[in-house]
Amino acid sequence: MHTKATPTHCPYCALQCGMGLTSGPGGVEVVERPEFPVNGGALCGKGRTAPAVLSSRVRLTEPLIRSHATGRLEPATWEEAVDRVADGLSRTRTEHGPDSCGVFGGGGLTNEKAYALGKFARVVLGTSQIDYNGRFCMSSAAAAGQRAFGLDRGLPFPLADVPRTGCVILVGSNLAETMPPALRYLTELKANGGKLIVVDPRRTRTAEQADLHLAPRPGTDLALALGLLHLVVAEGRTDEAFIAERTSGWEEARAAAMAHWPEYVERISGVPVPQLRDAAEMFCAAESAMVLTARGPEQHSKGTDTVGAWINLCLATGNAGRPLAGYGCLTGQGNGQGGREHGQKADQLPGYRKLTDPAARAHVAGVWGVDPDSLPGPGRSAYELLDALGGDIKSLLLMGSNPVVSAPRAAHVEERLRSLDFLAVADVVLSETAQLADVVLPVTQWAEETGTVTNLEGRVLLRRQAVTAPDGVRSDLDVLHGLAARLGHEKGFPTDPEEIFDELRRASAGGPADYSGISYARLKEGNGEGVFWPCPAEDLAPAEEEEEGTDAVHPGTPRLFLDRFATEDGLARFVPVVHRAAAEEADAEYPVLLTTGRVLAQYQSGAQTRRVDELNSAAPGPFVELHPRLAARLRIEEGEPVTVVSRRGRAVAPARITGAIRSDTVFMPFHWPGEGRANSLTHPALDPVSRMPEFKVCAVRLERE
């Protein structure tokens with residue numbers, strides 16, 4: 001007999017689809033949860049098969065310590081393992097100073113874990129060297145949003161608004177494979193008479209749904225957005241009243257855009273002028289319109305400016321700060337939004353406060369019970385931190401990330417990890433990064449713990465524990481509690497997630513990402529639809545509420561910027577941007593452009609999904625996607641092993657020949673380690689603002705095996 005389903009959320013992408021979990025003779029099973037609004041019960045294969053990773057056959061169930069005698073990872077007790085980690089960090093700190101200890105987190109950690117990890121780094125270790133793999137996700141969109149709107153939240157409106165707008169430009173997102181349940185919003189958009197424009201160098205499953213597919217050369221989305229804005233201006237389609245009343249900086253941004261005339265943009269991007277004109281017409285003809293970006297335009301050394309150009313297009317046409325219109329980012333990782341709001345990011349404190357702001361430091365230090373001056377300043381961004389391993393940074397505590405597969409220039413990152421004096425990894429599985437560690441700590445995963453996450457809409461959700469973890473497994477919160485105690489901090493790191501969340505609420509109060517009006521009790525109410533931040537703890541109408549004998553609560557903020565933007569003067573800011581080349585363009589030696597991405601059946605570095613038989617059957621390994629003309633020129637046959645070579649390394653995978661990609665471009669998914677590791681090739685050039693690496697374009701050559 002099955003137990004009653006426990007309501008929870010999928011452990012993978014930032015949709016955080018609602019699901020139920022039941023336990024029975026056959027193990028843990030997923031059941032639909034149709035009342036949850038984001039996915040309405042629909043789940044992709046990854047969500048349906050998520051319980052497979054709970055199996056002791058594939059996950060870690062006891063700590064591992066690298067033997068000094070054999071050099072191998074061998075089973076150990078929890079006390080031995082945590083003692084070894086505390087000793088490694090303490091010894092490094094004593095010998096080389098606080099910043100010799102690094103901390104690297106993950107976008108899949110709950111808000112409570114992210115908060116505790118950031119606090120541990122800054123209070124216990126005293127190190128500035130903390131960042132997380134969410135830097136590789138939507139940091140460029142976050143930086144552009146901050147610049148333009150004064151606030152970064154993935155979507156400033158609920159997904160439910162998308163089908164009700166008139167036109168959507170979807171830039172660099174293959175929702176049909178990366179977030180399948182979200183595809184229904186685009187299907188409904190078209191059913192309602194709205195138009196869909198997809199920008200992608202590949203004709204993906206998502207692009208096939210489009211009314212118009214624009215296929216630019218990788219690295220030219222910035223020129224494309226500027227070309228569309230040029231046409232909007234030239235054809236007199238700007239919303240002058242909106243620009244005058246609700247924005248600043250238009251003159252400079254307009255002048256920059258006017259340097260990108262359609263024929264010039266066609267030469268750069270390869271998108272024909274008639275298609276540019278069609279796109280501008282569709283976007284401007286709609287009463288309301290949206291631009292949604294994903295990793296395609298963001299993972300570039302000019303990702304912040306690229307997103308900024310798309311935001312400028314929205315502002316110039318009045319498609320921001322009003323219902324059913326605006327710019328939004330489709331966050332990728334499960335808690336990529338909340339993970340950076342509460343302290344994992346190198347320059348941020350909880351509540352999305354700036355680490356350099358004296359008032360922010362004072363507020364958070366007061367909650368933590370420490371001197372504000374004791375808090376370190378901003379540290380290195382994710383790739384810069386990884387690049388410094390073995391140099392300034394001697395020891396690393398890593399939680400919930402697998403940079404051996406997911407980082408750019410991955411062979412170099414692997415070498416840096418091997419050069420450390422000490423590496424501790426807390427993870428669910430023995431990932432490729434965990435295999436290099438001195439200590440591996442087996443930690444609980446989504447179904448085995450309670451905690452909150454924040455999805456791509458800014459909706460704070462409660463995942464509830466549904467099953468008991470194996471005896472040898474503990475929570476990341478237990479890990480941090482034990483380490484803090486051994487390093488002289490007996491208090492301040494509880495293991496109860498609700499207690500930590502209540503502290504997080506106090507730390508975030510008054511900040512841009514204010515969670516103070518959200519509680520576990522509220523998140524359990526009704527259908528568990530969650531609460532949108534910002535949600536301050538304030539009475540909206542105390543007199544009326546008192547008369548009725550009820551408590552007034554802030555309802556949360558599903559839609560941002562309707563009255564004013566989050567800047568000091570309330571105006572959205574145009575930012576003048578101009579097209580510039582990628583860090584590495586194709587040349588005679590490396591004549592082809594490589595772009596990377598995901599496939600339907602695998603997720604991120606594949607550390608968990610590659611352990612699920614059903615998913616491996618659907619997507620068993622890497623491949624190189626190339627156009628028939630390119631394949632014919634190089635005499636490459638379907639399924640033949642192909643070596644892809646860049647200035648940083650090489651990868652080998654079978655050829656997949658298709659007319660759905662540009663003939664000057666090849667595509668590789670990045671989920672696999674070993675010889676098919678796509679990130680052996682990618683470029684670590686960083687965006688000057690977001691510090692996002694240039695995953696999406698680099699120069700390569702192809703060789704037959």
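This structure is a prediction, so every number in the text was calculated from the model and none was measured.
For the pair Ser90 (side chain) and Asp87 (backbone), a donor-acceptor distance under 3.5 Å is absent. Judged by distance alone, the side chain of Arg474 and the main-chain N or O of Thr444 form no donor-acceptor pair under 3.5 Å. Between the Asn679 side chain and the Ala410 main chain, no donor and acceptor come within less than 3.5 Å of each other. In this structure, the side chain of Arg295 does not engage the main chain of Phe136 through any donor-acceptor pair within 3.5 Å. Side-chain atoms of Gln602 come within 3.5 Å of backbone N or O of Ala619 as a donor-acceptor pair. A side-chain donor-acceptor contact under 3.5 Å links Ser67 to the backbone of Thr70. Remark: side-chain polar atoms of Ser140 are paired, donor with acceptor, to backbone N or O of Glu298 under 3.5 angstrom. Using a distance-only test at 3.5 Å, with no hydrogens or angles considered, a donor-acceptor pair links the side chain of Arg66 to the main chain of Ala437. Side chain of Arg135 to main chain of Lys345: no donor-acceptor pair is present (N/O by atom type, distance under 3.5 Å, no hydrogens or angles). In this structure a side-chain-to-backbone donor-acceptor pair under 3.5 Å is present from Thr450 to Gln465.
Side-chain contact check for Leu477 versus Asp496: every heavy-atom pair is 4.5 Å or farther apart. When side chains are defined from C-beta on, Pro7 does not count as touching Phe36, because their heavy atoms never get closer than 4.5 Å. The shortest side-chain heavy-atom distance between Leu15 and Leu456 falls under the 4.5 Å cut-off. Counting only heavy atoms from C-beta outward, the side chains of Arg464 and Tyr520 never approach each other to under 4.5 Å. Contact annotation: the side chain of Ile65 never approaches that of Leu73 to less than 4.5 Å [non-hydrogen atoms, C-beta and beyond]. Side-chain atoms of Leu504 and Glu112, non-hydrogen and from C-beta on, never get closer than 4.5 Å to each other. Val429 places none of its side-chain heavy atoms less than 4.5 Å from the side chain of Val58. Counting heavy atoms from C-beta on, the side chains of Glu448 and Pro470 come closer than 4.5 Å.
Rounding to the nearest 0.5 Å places OH of Tyr603 at 10.5 Å from SG of Cys44. The line from CD of Gln608 to CG of Asn402 is 10.0 Å long, rounded to the nearest 0.5 Å. With rounding to the nearest 0.5 angstrom, the OG1 atom of Thr609 is 7.5 Å from the CG atom of Asn616. Rounding to the nearest 0.5 angstrom, the gap separating the CE atom in Met692 from the SG atom in Cys137 is 7.0 Å. Note: Ser395 OG to Leu389 CG = 10.0 Å, rounded to the nearest 0.5 Å. Rounding to the nearest 0.5 angstrom, the gap separating the OG1 atom in Thr495 from the CD atom in Glu499 is 8.0 Å.
A centroid separation of 6.0 Å or more is found between the aromatic rings of Tyr352 and His342. The distance between the ring centers of Phe104 and Tyr132 does not fall below 6.0 angstrom. A distance of 6.0 Å or more separates the ring centres of His489 and Phe120.
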* Asked: Would Asp392 and Arg380 count as a salt bridge (charged side-chain N to carboxylate O under 4.0 Å, His left out) if you check the C-alpha gap in whole Å, the side-chain angles of each, and the deciding distance to 0.1 Å?
  -> CA-CA 11 Å; Asp392 294 343; Arg380 293 177 173 95; 2.7 Å; yes
* Audit row: Leu60, Val428, side-chain contact (heavy atoms from CB on, under 4.5 Å) steps and yes/no -> CA-CA 6 Å; Leu60 292 165; Val428 173; over 6 Å; no
* To do: I would like to know whether Met399 and Asp427 meet side-chain contact (heavy atoms from CB on, under 4.5 Å); could you show each step before the answer?
  => CA-CA 6 Å; Met399 285 186 161; Asp427 209 332; over 6 Å; no
* To do: Apply side-chain contact (heavy atoms from CB on, under 4.5 Å) to the pair Leu483 and Val82, showing each step before the final yes or no.
  => CA-CA 7 Å; Leu483 288 175; Val82 178; 3.8 Å; yes
* Stepwise salt bridge (charged side-chain N to carboxylate O under 4.0 Å, His left out) check, Glu449 with Lys113 -> CA-CA 11 Å; Glu449 61 189 13; Lys113 293 178 182 181; 2.9 Å; yes
* To do: With salt bridge (charged side-chain N to carboxylate O under 4.0 Å, His left out) as the test, would you mind laying out the steps for Arg84 and Glu80 before giving the verdict?
  => CA-CA 6 Å; Arg84 178 77 72 89; Glu80 290 170 333; over 6 Å; no
* To do: Take Val404 and Val413, measure what side-chain contact (heavy atoms from CB on, under 4.5 Å) needs, and give me the verdict at the end.
  => CA-CA 6 Å; Val404 165; Val413 169; 5.8 Å; no
* Before giving the answer on salt bridge (charged side-chain N to carboxylate O under 4.0 Å, His left out), spell out for Lys354 and Asp347 the whole-Å C-alpha distance, their side-chain angles and the decisive distance to 0.1 Å. => CA-CA 6 Å; Lys354 293 180 180 178; Asp347 57 350; over 6 Å; no
* **Verdict with supporting geometry, Asn133 and Ser406, side-chain hydrogen bond (donor to acceptor under 3.5 Å, both in side chains)** => CA-CA 8 Å; Asn133 63 14; Ser406 63; 5.5 Å; no
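In terms of heavy-atom proximity, Gly339 sits nearest to Ala114 at O-CB, 3.9 Å. Summarising the geometry of Ser401 relative to Pro403, their closest heavy-atom pair is C-CD, 3.5 Å, with the distance given to 0.1 Å. When all heavy atoms are compared, the tightest approach of Leu462 to His9 is O-CD2, 3.5 Å. For the residue pair Asp387 and Arg416, the shortest heavy atom distance occurs at O-CD, 3.4 Å. Nearest heavy atoms, Thr110 versus Asn335: C-ND2, 3.5 Å. Minimum interatomic distance between Val28 and Pro51 (heavy atoms only, all atoms of both residues): O-CB, 3.6 Å.
Looking only at atom types and distance, the side chain of Tyr515 has no donor-acceptor partner in the side chain of Thr452 under 3.5 Å away. Using a 3.5 Å distance cut-off with no hydrogens or angles, the side chains of Asp131 and Gln344 do not pair a donor with an acceptor. The closest side-chain donor-acceptor pair between Glu341 and Trp533 falls under 3.5 angstrom. For the residue pair Ser680 and Arg677, a side-chain donor N or O sits within less than 3.5 Å of a side-chain acceptor on the partner. Side-chain polar atoms of Arg463 and Gln16 form a donor-acceptor pair below 3.5 angstrom.
Every side chain to side chain donor-acceptor pair (under 3.5 Å) that Asp99 has, sequence neighbours left out, goes to Thr127, Ser128.
Residue Asp471 qualifies as open at atom CG: its count of foreign heavy atoms under 6.0 Å is 12 or below. A 6.0 Å sphere centred on NE2 of His481 holds no more than 12 heavy atoms belonging to other residues, nucleotides or ligands.
Note: Tyr115 and Trp368 have perpendicular aromatic rings, judged against thresholds of 30 and 60 degrees for the angle between ring planes.
Electrostatic pairing of Lys394 and Glu95 does not count as a salt bridge here, judged by no charged N lying under 4.0 Å from a carboxylate O. The pair Glu432-Arg610 meets the salt-bridge criterion, with a side-chain N (NZ, NE, NH1 or NH2) lying under 4.0 Å from an Asp/Glu carboxylate O.
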